[in-house]
Amino acid sequence: MNIRENDFGEMRRKMVIDQLSGRDIKDKLILDIFGKVPRHKFTDPKFYKDAYSDFPLPIENEQTISQPYIVALMAQLLDIKKSDRILEIGTGSGYQAAILAELANQVFSVERLKNLTEKARAVLEEMGYKNITLNTGDGTMGWEEFAPFDKIVVSASAEFMPDPLMKQLKSPGKLVMPVGPRVSQKLLVIEKTAEGEVLEKEICGCVFVPLIGKYGWEGNNAGKDI
Ligand code: SAH
């Protein structure tokens with residue numbers, strides 16, 4: 001199927017209206033960015049016709065690129081400032097890293113599967129992003145070298161919030177993560193106040209792929225390894 005650049009632009013416009021502003025995404029800058037970032041470039045061409053649809057899409061290694069609405073919701077919940085340094089756990093396709101990089105100063109993103117990191121790196125480089133740093137490793141350990149972070153977003157789920165992530169979050173700072181059993185989770189926002197107090201808010205039910213690592217689920221049958 002041959003889709004032209006114009007058509008992608010139109011698909012993006014419709015996605016923003018139907019899936020984002022038509023729901024509870026009201027941040028003008030976030031809406032503008034979703035209207036601009038070419039999500040299809042982060043997917044396999046065989047999914048181009050669904051690249052702006054209201055659901056997650058498969059990428060390699062049985063992983064997914066999250067539904068656009070969830071990526072927008074997590075960004076809105078983080079209340080991102082242009083000066084923020086953000087840690088993302090679960091680079092996947094790199095799409096969310098691109099969205100975050102448009103909103104923030106620096107994005108540090110960790111992915112457990114090397115081939116996904118390298119694929120995301122190639123796409124993000126081609127698109128000209130200079131403020132994204134990628135690494136392959138266990139993101140449940142955070143990224144000590146660049147800590148602390150103003151905001152942290154985890155795009156895979158675990159039963160508990162990994163300890164190192166809490167330690168690497170600034171105060172004030174915010175972290176968004178799906179927490180709960182393997183099959184369905186709650187999207188949580190954890191806020192560290194300037195006084196160091198920790199507040200937790202439950203946003204909605206959600207389903208994410210498992211976060212696999214020292215402070216997450218065990219490996220093996222949980223998503224294909226390489
Ligand atoms: N944000 C991504 C969606 C990623 S899906 C996007 O926009 O495309 C979640 C990703 O988390 C998967 O690629 C999975 O391999 C990765 N993941 C799982 N456990 C991880 C861990 N401990 N550290 C880093 N990445 C992990």
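Numbers for residues simply follow the sequence, beginning at 1. Model, not experiment: these values are computed from the prediction.
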**OP:** In sequence, state the C-alpha distance, the side-chain angles, and the governing distance for Lys14 and Glu10, and then conclude on salt bridge (charged side-chain N to carboxylate O under 4.0 Å, His left out).
**Re:** CA-CA 6 Å; Lys14 199 168 167 344; Glu10 185 51 33; over 6 Å; no
With the side chain counted from C-beta on, respond yes when [X] and [Y] share a heavy-atom pair under 4.5 Å apart, and no when they do not.
{"X": "Pro162", "Y": "Met177", "answer": "yes"}
{"X": "Ile25", "Y": "Leu73", "answer": "yes"}
{"X": "Phe47", "Y": "Pro45", "answer": "no"}
{"X": "Glu191", "Y": "Val198", "answer": "no"}
{"X": "Ser66", "Y": "Pro56", "answer": "no"}
{"X": "Ile89", "Y": "Leu211", "answer": "yes"}
{"X": "Lys81", "Y": "Asp79", "answer": "yes"}
{"X": "Leu116", "Y": "Glu60", "answer": "yes"}

Original post:
In this structure, which one of Arg182, Lys186, Gln185 forms a side chain to side chain donor-acceptor pair (under 3.5 Å) with Ser157?
Top reply: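 The residue from Arg182, Lys186, Gln185 that satisfies side chain to side chain donor-acceptor pair (under 3.5 Å) with Ser157 turns out to be Gln185.
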Nearest 0.5 Å, what's the [atom1]-[atom2] distance between [X] and [Y]?
{"X": "Tyr69", "Y": "Met15", "atom1": "OH", "atom2": "CE", "result": "13.5 Å"}
{"X": "Leu20", "Y": "Lys26", "atom1": "CG", "atom2": "NZ", "result": "10.0 Å"}
{"X": "Asp163", "Y": "Lys214", "atom1": "CG", "atom2": "NZ", "result": "10.0 Å"}
{"X": "Leu175", "Y": "Leu87", "atom1": "CG", "atom2": "CG", "result": "8.5 Å"}
{"X": "Phe208", "Y": "Leu187", "atom1": "CZ", "atom2": "CG", "result": "6.0 Å"}
{"X": "Trp143", "Y": "Asp138", "atom1": "CH2", "atom2": "CG", "result": "13.0 Å"}

Between [X] and [Y], a side-chain donor and acceptor under 3.5 Å:
{"X": "Glu111", "Y": "Thr91", "answer": "no"}
{"X": "Asn61", "Y": "Asn115", "answer": "yes"}
{"X": "Tyr95", "Y": "Arg39", "answer": "no"}

Would you call [X] and [Y] a salt bridge, using N to O less than 4.0 angstrom?
{"X": "Asp150", "Y": "Lys170", "answer": "yes"}
{"X": "Asp32", "Y": "Lys36", "answer": "no"}
{"X": "Arg23", "Y": "Asp54", "answer": "yes"}
{"X": "Glu125", "Y": "Arg121", "answer": "no"}
{"X": "Asp84", "Y": "Lys151", "answer": "yes"}

Might you point out which heavy atoms bring [X] and [Y] nearest each other, and give the distance in Å?
{"X": "Arg112", "Y": "Thr136", "result": "O-CG2, 3.6 Å"}
{"X": "Gly92", "Y": "Ala120", "result": "O-CB, 3.8 Å"}
{"X": "Ile59", "Y": "Ser93", "result": "CD1-N, 3.6 Å"}
{"X": "Gly35", "Y": "Val16", "result": "N-CG2, 3.7 Å"}
{"X": "Pro68", "Y": "Ser53", "result": "CD-O, 3.5 Å"}
{"X": "Leu124", "Y": "Ala98", "result": "CD2-CB, 3.8 Å"}

Original post:
Within a radius of less than 6.0 Å around CZ of Phe160, do more than 12 heavy atoms belonging to other residues, nucleotides or ligands occur?
Top reply: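 Atom CZ in Phe160 is not packed in, count stays at 12 or less.
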**OP:** Look at atom NZ of Lys46 and say whether more than 12 heavy atoms of other residues, nucleotides or ligands are closer to it than 6.0 Å.
**Re:**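 No, not enclosed.
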Given 3.5 Å as the limit, does a donor-acceptor pair link the side chain of [X] with the main chain of [Y], or not?
{"X": "Gln168", "Y": "Met141", "value": "yes"}
{"X": "Gln76", "Y": "Asp27", "value": "yes"}
{"X": "Asn131", "Y": "Ala101", "value": "yes"}
{"X": "Thr140", "Y": "Gly213", "value": "no"}
{"X": "Ser155", "Y": "Gly90", "value": "yes"}

Can you hop from [X] to [Y] via hydrophobic side chains spaced under 4.5 Å?
{"X": "Leu31", "Y": "Phe8", "result": "yes"}
{"X": "Leu100", "Y": "Val123", "result": "yes"}
{"X": "Val179", "Y": "Ile190", "result": "yes"}
{"X": "Val71", "Y": "Met127", "result": "yes"}
{"X": "Val154", "Y": "Leu188", "result": "yes"}

**OP:** Check the pair Leu103 / Ile33 against side chain to side chain contact (heavy atoms under 4.5 Å, CB included), numbers first and verdict last.
**Re:** CA-CA 8 Å; Leu103 291 163; Ile33 289 169; 3.4 Å; yes
Original post:
What pairs with Phe149 under ring pair (Phe, Tyr, Trp, His ring centres under 6.0 Å), at least two apart in sequence or on another chain?
Top reply: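 Ring pair (Phe, Tyr, Trp, His ring centres under 6.0 Å) check on Phe149 returns Phe108.
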**OP:** Evaluate the side chain to side chain contact (heavy atoms under 4.5 Å, CB included) criterion for residues Leu57 and Asp50: first the C-alpha distance (whole Å), next the side-chain angles of each, then the deciding distance (0.1 Å), finally the verdict.
**Re:** CA-CA 8 Å; Leu57 286 172; Asp50 282 324; 4.0 Å; yes
Original post:
Could you walk me through whether Ile3 and Lys49 pass the side chain to side chain contact (heavy atoms under 4.5 Å, CB included) check?
Top reply: CA-CA 8 Å; Ile3 307 177; Lys49 71 175 175 39; 4.2 Å; yes
Subject >> Derivation and outcome, side-chain hydrogen bond (donor to acceptor under 3.5 Å, both in side chains), residues Glu102 and Tyr129 >> reply: CA-CA 9 Å; Glu102 296 278 349; Tyr129 286 101; 2.6 Å; yes
**OP:** Could you tell me how the ring of Tyr48 sits relative to the ring of His40: parallel (under 30°), tilted (30 to 60°) or perpendicular (over 60°)?
**Re:**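 Ring orientation of Tyr48 relative to His40: perpendicular.
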